[in-house]
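A short worksheet on the structure shown next.
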Amino acid sequence: MTEGAGQERAAGLSPLEPGIRRLRPLEPPNFLLSCPRCERDLGEYRFEPLARRAFDEHLDEAHPAPTPLDLVWAAVVLIAGEPGFWACEAGGGSYAVRLVAAGRFAVDAVTLGGTVRNPMRSLSEAQICIGSMARVISPAVAQAATLQLRREEGVASQ
C-alpha cells in the first residue's frame with residue numbers, strides 16, 4: 001500500500017491505488033501512471049517503483065488527507081438559525097449552539113436536557129464538543145482537532 005493510500009485509510013476514506021499500466025515491454029519508458037481520483041495521466045516512468053513514488057507525491061499535492069478539523073466539520077454540520085443560534089443533529093441527538101457573549105459560545109444538548117458549562121471561544125470548539133458528546137468523532141480526533149485549532153489560533157494572534 002502506498003503512503004498516500006495509508007493516509008486515506010487513516011482518514012476513513014477508501015484507499016487510492018495508482019493506475020499503472022505497462023506500455024511497452026522492452027523499451028523505456030515502460031509504465032504509464034494515472035490517478036483514479038482526478039482521472040488524469042500523470043506521466044510515463046521507466047520503473048514501476050518510480051511511478052508509485054510519483055503517485056504518492058501527486059496525492060500529497062493534489063489530494064491531501066483531511067485534517068482533524070476537516071473531519072469534525074464534516075461530522076458536525078451546524079445550521080444557522082436566528083442570529084446567534086445554530087443547531088445540528090449528530091449521533092441520534094439534537095444540539096444547539098448559542099452565542100452567550102462576544103466570542104463565547106455555549107452548547108445545549110437538547111435531547112439530553114443539559115448545557116455544557118465551559119464556554120467555548122469559537123464555533124469550531126463547539127463542533128468538537130458536540131462531536132465528542134455525540135460520539136461521531138473519536139477522542140483522538142477530538143484531541144487532535146483541539147490542538148490544531150489552538151495552533152491556528154496562536155498563529156492568527158501573532
For a quick test of reading the model, state the closest non-hydrogen atom pair linking [X] to [Y] and the distance between them.
X	Y	value
Gly19	Pro36	N-CD, 4.3 Å
Ala54	Tyr45	CB-OH, 3.3 Å
Leu149	Ser122	CD2-OG, 3.8 Å

Say whether [X] and [Y] are linked into one hydrophobic cluster, either directly or through other cluster members, by side-chain heavy-atom distances under 4.5 angstrom.
X	Y	value
Ile128	Val77	no
Leu50	Leu33	yes
Val110	Ile130	no
Val116	Val136	yes
Leu147	Val141	no

Within the structure provided, determine whether [X] and [Y] are in side-chain contact (heavy-atom separation under 4.5 Å).
X	Y	answer
Arg21	Ser34	no
Ser124	Glu152	no
Asp56	Arg53	no
Met133	Leu112	no
His58	Pro18	no
Asp41	Leu32	yes
Arg22	Phe31	yes

Rounded distance (nearest 0.5 Å) linking atom CZ of Phe47 with atom CD1 of Ile20: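 So the CZ of Phe47 and the CD1 of Ile20 are separated by 13.5 Å.
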Enumerate donor-acceptor pairs with a distance under 3.5 Å from any side-chain N or O in residues 88-109 to protein atoms, sequence neighbours excluded.
{"from": "Arg98", "atom 1": "NE", "to": "Asp108", "atom 2": "OD2", "distance (Å)": "2.8"}
{"from": "Arg98", "atom 1": "NH2", "to": "Asp108", "atom 2": "OD1", "distance (Å)": "3.3"}
{"from": "Asp108", "atom 1": "OD1", "to": "Thr115", "atom 2": "OG1", "distance (Å)": "2.7"}

Main-chain N/O of Val76 paired to Gln127 side chain as donor or acceptor, under 3.5 Å: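 Checking the backbone N and O of Val76 against the side chain of Gln127, a donor-acceptor pair under 3.5 Å is found.
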Exam field: side chain Gln148 to backbone Leu69, donor-acceptor pair closer than 3.5 Å: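 Answer holds: yes.
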Carboxylate-amine/guanidinium proximity below 4.0 Å for Arg52 and Glu48: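 Between Glu48 and Arg52 there is a salt bridge, with a charged N closer than 4.0 Å to a carboxylate O.
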